[in-house]
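Read through the structure below, which is laid out as structure tokens, and then see the notes.
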Amino acid sequence: MIKALALAAVAGLFASVSAHGGVTSMSVGSTTYTGWSPYIPAAGQVSAERPYSSYNPILDPVDPTMSCNDDGTSSAGQQSITIAAGDTIVAYWAQWTHAQGPVTVYMAACGGTTCTGVNSDTLSWFKISEMGLISGTVYNGSWANGILMANLKWPATIPSNLKPGPYLIRFETLALHQADTPQFYPECIQLIVTGSGTAFPTADYLKPIPGAWTATDPGVLIDIYSTEAQTETTYQIPGPPIYPGFSGVSTGTTTAGTTTTTKSSTTSTKTSSTSTTSSKTTTTTTTTTSASGATQTHFGQCGGTGRCHSR
């Protein structure tokens, strides 16, 4: 009996790990940085990524852990990545299983000299990148999440005129494959942004997280299998718009048939003095707007029939 219970517990852990996903590493130029590992003990982990506990989604759109998928605190071995304004950071996922939904990237200024010790729940967040529905309809179109599922990475360019200082950058995937049950997957990374820029969003573009959207916003409470979704070719990405005073960023697309360009940056080889480098070279080129190879057969995540009703 005890052995059976132990096997069941292991099976449950395996099922949890095998589904969904989360950011597991990052790169700037040719330098790769170790991410947080949610399924091993926190003790001894050294990373610029903020700690999070699992690959499972946040199901409450206003959950108190929404900012960085945890209680908002830094880890005991917390580090930061130094990056120049205008350069690109790439986040990597070991796995991602959902093709429908947007990908957004936020930043928040921490003040002082470091984000370590600053609770992410207390910060004001601004969006620097977003991509939602790329082509087709809400019902069976191509989405940003499809690109992520195909490539298992997502680049984000720091605004080239952003004011320097310590920031958190937040990569968020929002999976919409389950009718009227949005699944949020946010992860945060600590940065030290260098440069001589002076741009910073005005109050209209700064939002708390949670609080940047509600549970009933049209891009949050959505049934992509509805009759209306079969002809709908637009999708409203949750959260504030991108601050128009930024340089070197793009707004993505929410309307089918339009072209999205994510600006690439000059390859950087800057490294954080407290991070381990890797010999692997990572390309930070423009993001394609094609989700070729990333689209599931319709209802493919639901076993082939009907609406998804499980995580």
Side-chain angles (χ1 to χ4, degrees), residues 9-59 65 68-70 75 77-79 81 88-106 129 131 143-156 168-178 183-191 262 272 275-285 287-288 291-296 300-301 310-311:
V10 171
L13 175 62
F14 177 79
S16 176
V17 173
S18 64
H20 314 305
V23 174
T24 54
S25 63
M26 307 75 67
S27 69
V28 176
S30 60
T31 302
T32 299
Y33 301 89
T34 300
W36 188 259
S37 297
Y39 293 101
I40 64 174
Q45 289 203 52
V46 177
S47 177
E49 187 172 9
R50 284 288 181 99
Y52 66 102
S53 60
S54 80
Y55 290 164
N56 289 329
I58 299 172
L59 298 177
T65 65
C68 290
N69 199 7
D70 205 350
S75 70
Q78 189 69 55
Q79 296 186 342
I81 296 172
T88 297
I89 181 171
V90 183
Y92 297 87
W93 283 250
Q95 59 187 49
W96 181 248
T97 59
H98 307 307
Q100 294 87 4
V103 178
T104 56
V105 184
Y106 287 83
S129 175
M131 186 182 291
W143 293 82
N145 264 338
I147 294 177
L148 177 59
M149 191 170 72
N151 299 331
L152 296 180
K153 63 182 179 179
W154 199 266
L168 287 176
I169 188 168
R170 177 182 182 273
F171 289 84
E172 177 192 280
T173 57
L174 171 54
L176 302 175
H177 63 283
Q178 188 174 351
Q183 299 185 2
F184 292 85
Y185 301 80
E187 280 86 38
C188 297
I189 301 152
Q190 289 194 185
L191 302 178
T262 301
S272 169
S275 296
T276 302
T277 61
S278 166
S279 60
K280 178 181 177 182
T281 300
T282 301
T283 303
T284 55
T285 53
T287 301
T288 177
S292 174
T295 3
Q296 289 253 12
Q301 296 172 89
S310 60
R311 295 186 185 180

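Heavy-atom basis, side chains included; hydrogens, waters and symmetry copies ignored.
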request  = Would you confirm whether S47, through its side chain, and T34, through its main-chain N or O, come within 3.5 Å as a donor-acceptor pair?
outcome  = yes

Return the minimal non-hydrogen interatomic distance between [X] and [Y], and the atom names on each side.
X: Y185; Y: A175; value: CE1-CB, 4.0 Å
X: A99; Y: M149; value: CB-CE, 3.7 Å
X: E49; Y: G35; value: OE1-CA, 3.3 Å
X: Y33; Y: V28; value: CE1-N, 4.0 Å
X: S54; Y: N69; value: O-ND2, 3.9 Å

message = Checking L59 against Q183 for the side-chain contact (heavy atoms from CB on, under 4.5 Å) test, could you report, in this order, the C-alpha distance in whole Å, the side-chain angles of both residues, the deciding distance, and whether it holds?
response = CA-CA 5 Å; L59 298 177; Q183 299 185 2; 3.7 Å; yes

Would you call the rings of [X] and [Y] parallel, tilted or perpendicular, taking 30° and 60° as the class edges?
X: F171; Y: W93; answer: perpendicular
X: H98; Y: H20; answer: tilted
X: Y39; Y: Y55; answer: perpendicular

Given side chains that start at C-beta, do those of [X] and [Y] come closer than 4.5 Å, heavy atoms only?
X: V105; Y: W154; answer: yes
X: I147; Y: M131; answer: yes
X: I58; Y: T65; answer: yes
X: T32; Y: Y92; answer: no
X: P102; Y: L176; answer: yes

request  = Would you please name every residue forming a side-chain hydrogen bond (donor to acceptor under 3.5 Å, both in side chains) with T24, sequence neighbours left out?
outcome  = none

key: Contacts of Q190 that satisfy side-chain hydrogen bond (donor to acceptor under 3.5 Å, both in side chains) - sequence neighbours left out   = R50, S80, T116

key: Residues that E172 engages under salt bridge (Lys or Arg N to Asp or Glu O under 4.0 Å), provided they are two or more places apart   = R170

remark   = For P51, the side chain to side chain contact (heavy atoms under 4.5 Å, CB included) test, sequence neighbours excluded, returns W36, D70, S75, Q78

ask   = From I189 CD1 over to I89 CD1, what is the distance, rounded to the nearest 0.5 angstrom?
value = 4.5 Å

query = How far does CG of L191 sit from CG of L168, to the nearest 0.5 angstrom?
reply = 7.5 Å

message = Before you tell me yes or no, could you show the steps for T173 and N145 under side-chain contact (heavy atoms from CB on, under 4.5 Å), namely the whole-Å CA-CA distance, both residues' side-chain angles and the distance that decides it to 0.1 Å?
response = CA-CA 7 Å; T173 57; N145 264 338; 3.8 Å; yes

